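Would you mind keeping the following structure in view while I ask a few things?
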Amino acid sequence: MRPLLDRVPEVLHRIRDRDPDRRVYRRSALAIGLRVAVVSAALVVSVVVLVVLYVAWQLTPGQQSERHGPEDVHVYLDTVDLLIAVLVVGGAAVLLAGVATWLIAGRAVRPLAEAHRLQRTFVADAGHELRTPLTVLSARVQQLQAMLPPTSPERAVADELRTDTRSLTEVVEDLLATAAGRTDERAEAPLDDALTAAASDTAVLARDRRVQLVVSPWDVVVRVTPTQLRRALVALVDNAVGHSPTGGAVWIENERVGSAVVIRVRDEGAGITGIAPRRVFDRFAHGSVPPDGPTRTSNGIGLALVRDIAVRAGGDVRVERTGRLGTVFALTLPIVDPLPRRGATR
């Protein structure tokens, strides 16, 4: 029993080492230490160059032929020994500066790593607690479907409700995968399907505000999971609908730029005010709402999640244009190029 207890600290240490966040912050601290070491090395090299120039100046013919009196004090320095001493002292200083900076940076980022760990733990716990209620909800929706005639209007609503429940379950699974640090490098999602799903998800909100959704479909596959693409599009369209005036319109357009697709979501709102456009992707960021603007409240999280999804997929999202005529959000995602067919030339 005692040897097993003695191994507990070792097991806990191995678990902490497998934490991806700890590895990221350790690499960040090491990178800071290396940068400081490079700067210190540049300073040391500068000192060595100055010393060499000074020694060379002292060895000029004028200095060598200078006569000294008997009362002068003569100090002789060996040039090679002087250079070796400078290099040794400088190298030790560089090494000491790098190690000291690495340790200090590690302590400085430790609270950030702990905060990030707590955040991921909360997301994982919340996602896990939502699994059971969603499973029960899905079962009850299936029971409701079985009780309704296939041709009744109520059955169509029940079918949509089951689709929404399945989508919510996929979102929870995606949150759990993100919290666990799992990534799917082979992720692929058809853009057309995601645009159709996003328009369907936000159609009710658009009808309530009498906002027209204009979607430009495009047959292309992007390098992101279908759930993540749908979440990003729904967040952008929901934000555009929420900031559009009654009777306005929201356009979703697409354009290929190199090996990526740019998805633009354009509204007819009053533009971003009270905050810098680049800060709207910060969590809990809020701009000022004009007196005649929308009354919907926002938590300032949706756009931040869009940026996280885009960055993890190797893309980006930005405010391309904003003003009194509306705002344009540009979501850039890499395209999955299809493999060339046999015998085809490119």
Side-chain angles (χ1 to χ4, degrees), residues 126-176 188-222 224-254 263-269 293-299 301-303 305-306 309 326 329 331:
H128 184 270
E129 291 299 323
L130 286 174
R131 269 182 167 178
T132 301
L134 286 175
T135 302
V136 175
L137 179 61
S138 178
R140 290 179 177 175
V141 170
Q142 293 180 40
Q143 291 178 355
L144 180 61
Q145 285 180 308
M147 296 169 57
L148 296 174
T151 58
S152 64
E154 293 82 2
R155 175 61 182 269
V157 176
D159 293 341
E160 293 181 357
L161 182 58
R162 183 179 180 183
T163 301
D164 295 338
T165 304
R166 187 183 302 111
S167 300
L168 185 57
T169 303
E170 293 174 352
V171 170
V172 172
E173 294 294 335
D174 184 66
L175 290 176
L176 289 174
E188 298 181 1
L191 182 57
D192 275 355
D193 296 345
L195 290 173
T196 303
S200 176
D201 292 342
T202 55
V204 176
L205 302 176
R207 284 197 300 266
D208 291 342
R209 295 189 54 83
R210 289 181 299 193
V211 174
Q212 181 184 5
L213 294 179
V214 182
V215 181
S216 299
W218 195 20
D219 186 13
V220 68
V221 180
V222 294
V224 66
T225 64
T227 301
Q228 292 173 347
L229 179 58
R230 185 172 180 173
R231 287 173 55 199
L233 293 176
V234 167
L236 289 176
V237 176
D238 175 57
N239 177 78
V241 170
H243 289 83
S244 293
T246 302
V250 172
W251 287 267
I252 302 99
E253 303 167 337
N254 313 288
I263 307 168
R264 293 183 175 88
V265 179
R266 175 165 54 97
D267 61 51
E268 295 180 339
T295 57
R296 285 183 57 194
T297 58
S298 173
N299 295 320
I301 299 179
L303 295 179
L305 293 177
V306 174
I309 292 173
F329 284 89
L331 173 63

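Every value quoted in this text rests on a predicted model; they were computed, and no experiment measured them. Because only heavy atoms are used, hydrogens play no part in the values below, and waters and symmetry mates are left out as well, while side chains stay in.
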Problem - Minimum-distance pair of heavy atoms, taken over all atoms of V211 and P245 - result: CG2-O, 3.8 Å

Problem - Rounded distance [0.5 Å steps], CG in L233 versus CG in L191 - result: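 Reported to 0.5 Å precision, the distance equals 6.5 Å.
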
Handout entry: Residues in side chain to side chain donor-acceptor pair (under 3.5 Å) contact with Q145, at least two apart in sequence or another chain
Key =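 D159, R162.
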
Exercise for the section: Please report the shortest heavy-atom distance between V250 and S244, naming the atom on each side. Expected result: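 Reported closest heavy-atom pair: CG2-OG, 3.4 Å.
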
Problem - Sequence-distant partners of A235, side chain to side chain contact (heavy atoms under 4.5 Å, CB included), two or more places apart - result: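 Once residues adjacent in sequence are excluded, the partners of A235 under the side chain to side chain contact (heavy atoms under 4.5 Å, CB included) criterion are V306.
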
Practice task
Indicate yes or no for a side-chain donor-acceptor contact from N254 to the backbone of S216 under 3.5 Å, with no hydrogens or angles considered.
Solution key: yes

Problem - Spacing of CZ belonging to R230 relative to CG belonging to L195, to within rounding of 0.5 Å - result: 11.5 Å

Exercise for the section: Could you list the residues that satisfy side chain to side chain donor-acceptor pair (under 3.5 Å) with D164, not counting sequence neighbours? Expected result: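 Side chain to side chain donor-acceptor pair (under 3.5 Å) list for D164, sorted by chain: empty.
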
Practice task
State whether the side chain of T202 and the backbone N or O of L205 hold a donor-acceptor pair below 3.5 Å, judged by distance alone.
Solution key: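 Answer holds: no.
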
Practice task
State the CD-CD distance between Q212 and E268, to the nearest 0.5 angstrom.
Solution key: 9.0 Å

Problem - Minimum heavy-atom distance between A240 and V265, given as atom pair plus value - result: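 Result for this residue pair: CB-CG1, 3.8 Å.
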
Practice task
Compare every heavy atom of T225 with every heavy atom of A189, then report the nearest pair and how far apart it is.
Solution key: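 Minimum heavy-atom contact is CB-C, 3.9 Å.
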
Fill in the blank from the handout: Taken to the nearest 0.5 Å, the spacing of R231 CZ from L305 CG works out to 5.5 Å

Practice task
Supply the atom-to-atom distance L137 CG to T169 OG1, rounded to the nearest 0.5 angstrom.
Solution key: 8.0 Å

Fill in the blank from the handout: Across all chains, not counting sequence neighbours, the side chain to side chain donor-acceptor pair (under 3.5 Å) partners of R140 are none

Practice task
Might you point out which heavy atoms bring N239 and F329 nearest each other, and give the distance in Å?
Solution key: ND2-CE1, 3.4 Å

Handout entry: Residue pair L229 / A194: nearest heavy atoms and the distance that separates them
Key =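 For L229 and A194, the tightest heavy-atom pair comes out as CD2-CB, 3.3 Å.
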
Handout entry: With T196 via side chain to side chain contact (heavy atoms under 4.5 Å, CB included) - residues at least two apart
Key =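 Testing T196 for side chain to side chain contact (heavy atoms under 4.5 Å, CB included), a comparison that skips the adjacent residues, returns none.
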
Practice task
Only counting residues at least two apart or in another chain, list the ones meeting side chain to side chain donor-acceptor pair (under 3.5 Å) with R264.
Solution key: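 Side chain to side chain donor-acceptor pair (under 3.5 Å) list for R264, sorted by chain: E255, E320.
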
Practice task
Return yes if some donor-acceptor pair links the side-chain N/O of R209 with the main-chain N/O of V241 below 3.5 Å, else return no.
Solution key: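 Yes.
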
